[in-house]
2 protein chains.
Amino acid sequence: MATKHQHDHAEDDLSANEVRVLEALRDSKEPMSAYAILDRVRPSGISHPPTVYRALAGLESLGMVHRLKSLSAFVACGHGRCGGRFAFAFCRQCQRVEEISLDDEHYDDLVKLVPKDIHLEQTTLEFAGLCSACQAAA
Amino acid sequence: MATKHQHDHAEDDLSANEVRVLEALRDSKEPMSAYAILDRVRPSGISHPPTVYRALAGLESLGMVHRLKSLSAFVACGHGRCGGRFAFAFCRQCQRVEEISLDDEHYDDLVKLVPKDIHLEQTTLEFAGLCSACQAAA
DNA sequence: CTCGATTTGATACATTATATCATTTCTCAG
DNA sequence: CTGAGAAATGATATAATGTATCAAATCGAG
Ligand SMILES: [Zn+2]
Ligand SMILES: [Zn+2]
Ligand SMILES: [Zn+2]
Ligand SMILES: [Zn+2]
């Protein structure tokens with residue numbers, strides 16, 4: 001990952017690999033597994049899993065990519081970039097994903113749940129269900 | 001999984017494999033991977049991953065076991081059994097896990113976040129951090 | 001330029017999870 | 001009771017996800 005210097009503006013300062021992986025994710029607009037990303041960027045020269053995982057780790061630490069733990073999949077941030085105050089809802093059938101921003105009020109309420117003796121570093125909030133379209137189809 | 005009949009009381013009606021897996025988890029009091037469980041129950045005759053995964057699926061659908069998606073690991077419900085209104089906090093260092101019950105107020109607040117066009121089926125709420133002991137050790 | 005540090009590439013492997021088919025056990029109509 | 005079909009379990013194989021490790025290339029200070 002390239003050095004992140006003083007003003008961490010947008011997607012300056014991403015490594016070439018990070019840019020490739022991010023573009024793959026933005027193109028898809030659906031969550032992708034690391035290996036699906038690998039297939040997608042292979043033509044551009046990336047050919048090994050650790051390369052993809054490294055780029056994903058860099059992008060995730062910048063808040064530009066989020067990992068959906070329920071799906072073992074990755075998605076480009078719907079806002080370009082954001083900190084830890086987000087959640088996801090997704091349809092288990094069609095994989096449609098919606099990123100949800102948590103306002104301060106909601107987030108502070110959540111944090112109150114955390115036991116005092118744990119210093120919170122990361123919050124995972126994911127809602128799984130069926131979207132209207134998929135319900136209708138059932 | 002054995003038939004679950006009229007009064008789904010407690011752990012009547014669990015299959016022999018479910019009982020073995022549940023006891024392994026209760027003994028450990030720490031989250032275990034499916035393969036750690038497999039090692040633990042092997043002496044009792046279970047010897048293949050799908051057997052463990054099937055028992056875990058049954059126990060999870062009963063709410064007697066929860067899956068920690070952040071860790072790809074499983075834990076026995078701290079209350080014996082509970083529905084979808086729970087969360088977890090865990091220490092990324094020592095793996096200590098605490099199950100958190102969500103009261104109606106908190107849960108209803110969470111549900112308000114879900115887009116109207118998704119019928120919610122499952123909520124995942126996990127907090128990762130460092131416990132005081134591990135912070136001190138750092 | 002040259003040394004050491006960081007980043008990237010490559011190989012190999014570990015871990016987690018599931019598809020599939022064979023076997024056994026259970027149900028219950030006859 | 002019996003035996004055909006359904007359901008659960010056992011077994012094998014393999015797929016999908018993720019990481020440890022070392023080698024080569026690149027970068028940056030001195
Ligand atoms: Zn975001
Ligand atoms: Zn859908
Ligand atoms: Zn519980
Ligand atoms: Zn700890």
Side-chain angles (χ1 to χ4, degrees), chain A residues 1-6 12-22 24-25 28 30-62 65-75 92 95 122 124 126 128, chain B residues 1-6 12-22 24-25 28 30-62 65-75 92 95 122 124 126 128:
Chain A
M1 173 172 44
T3 318
K4 307 299 184 300
H5 55 68
Q6 57 280 13
D12 14 275
D13 245 345
L14 297 182
S15 75
N17 288 343
E18 288 170 335
V19 170
R20 286 179 195 120
V21 166
L22 182 58
L25 280 172
S28 119
E30 280 193 1
M32 297 177 84
S33 77
Y35 280 77
I37 295 169
L38 177 56
D39 285 342
R40 190 77 178 41
V41 297
R42 209 181 286 277
S44 82
I46 298 178
S47 46
H48 306 289
T51 305
V52 171
Y53 279 101
R54 278 196 282 239
L56 287 169
L59 291 164
E60 197 181 3
S61 79
L62 290 173
V65 160
H66 306 308
R67 181 200 167 95
L68 280 148
K69 299 195 174 72
S70 305
L71 297 175
S72 295
F74 303 84
V75 64
R92 64 169 159 80
Q95 306 251 296
Q122 198 173 56
T124 300
E126 296 178 6
Chain B
M1 171 174 42
T3 318
K4 307 298 183 299
H5 55 70
Q6 57 279 16
D12 15 271
D13 246 345
L14 297 182
S15 76
N17 288 343
E18 287 170 336
V19 170
R20 286 179 194 119
V21 166
L22 182 58
L25 280 172
S28 118
E30 280 194 0
M32 298 176 85
S33 77
Y35 281 77
I37 295 169
L38 177 56
D39 285 344
R40 190 75 178 43
V41 299
R42 210 182 283 277
S44 82
I46 298 178
S47 47
H48 306 290
T51 304
V52 171
Y53 280 101
R54 280 196 281 236
L56 286 170
L59 291 164
E60 197 181 2
S61 79
L62 289 174
V65 160
H66 305 309
R67 179 198 168 95
L68 281 150
K69 299 195 174 70
S70 304
L71 298 175
S72 295
F74 302 85
V75 64
R92 65 168 158 81
Q95 306 253 296
Q122 199 173 56
T124 299
E126 295 178 6

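Just so it is clear, the model here is predicted, and its values are computed rather than measured. In what follows, every chain begins at residue 1, and chains take the letters A, B, ... in the order their sequences are listed. For the numbers below, each heavy atom of this structure counts, side chains included, while hydrogens, waters and symmetry mates do not.
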Worksheet item: To the nearest 0.5 Å, what is the distance between CG (B/Leu25) and CG (B/Leu59)?
Response: 8.0 Å

Practice prompt. Round to the nearest Å and state the distance from B/Ile37 atom CD1 to C/dT15 atom C1'.
Written response: 14 Å

Worksheet entry | Atom pair CE/CD1 of A/Met32 and A/Ile37 - distance to nearest 0.5 Å | 5.5 Å

Response to the item:
note: B/Leu56, atom CG; C/dT16, atom P; distance rounded to Å ~ 12 Å

Discussion item. Strictly distance-based, threshold 3.5 Å: is any side-chain N or O of B/Glu60 a donor or acceptor partner for the main-chain N or O of B/Ala57?
Written reply: no

Practice prompt. Show your working on side chain to side chain contact (heavy atoms under 4.5 Å, CB included) between B/Val75 and B/Val65 and close with a plain yes or no.
Written response: CA-CA 6 Å; B/Val75 64; B/Val65 160; over 6 Å; no

Worksheet item: Would you say D/dT17 has OP1 or OP2 under 4.0 Å from some side-chain N or O of A/Arg67?
Response: no

Worksheet item: Given atom CE of A/Met32 and atom P of D/dT17, what is their separation to the nearest angstrom?
Response: 12 Å

Worksheet item: Rounded to whole angstrom units, what separation is found between the CG atom of A/Leu38 and the P atom of C/dG9?
Response: 12 Å

Worksheet item: Can you find a pair of side-chain heavy atoms, one from A/Tyr35 and one from A/Pro49, that are under 4.5 Å apart?
Response: yes

Worksheet item: Mind checking what makes salt bridge (Lys or Arg N to Asp or Glu O under 4.0 Å) contact with B/Arg67, not counting sequence neighbours?
Response: none

Worksheet entry | d(CG, B/Asp13; P, D/dA8) in whole Å | 12 Å

Worksheet entry | Of the listed nucleotides C/dT8, C/dT20, D/dG18, the one nearest the side chain of A/Arg54 | C/dT8

Practice prompt. Could you work out which one of D/dT9, D/dT17, C/dA17 sits closest to the side chain of A/Ser72?
Written response: D/dT17

Discussion item. Run B/Lys69 and B/Thr124 through side chain to side chain donor-acceptor pair (under 3.5 Å) and show every step you take.
Written reply: CA-CA 8 Å; B/Lys69 299 195 174 70; B/Thr124 299; 3.0 Å; yes

Discussion item. At less than 3.5 Å, do the side-chain atoms of A/Tyr35 and the base atoms of D/dA15 form a donor-acceptor pair?
Written reply: no

Worksheet item: When the distance from CZ of B/Arg20 to P of D/dT9 is rounded to whole Å, what number comes out?
Response: 10 Å

Discussion item. At less than 4.0 Å, is any side-chain N or O atom of A/Asn17 found next to OP1 or OP2 of C/dT7? Yes or no.
Written reply: no

Response to the item:
note: A/Leu71, atom CG; D/dG18, atom P; distance rounded to Å ~ 11 Å

Discussion item. Contact list please: residues 39-53 of chain B against DNA chain C, heavy atoms, distance less than 4.0 Å, in numerical order.
Written reply: B/Pro49, B/Pro50, B/Tyr53

Worksheet item: Can you tell me how far P of D/dA16 sits from CZ of A/Phe74, to the nearest Å?
Response: 16 Å

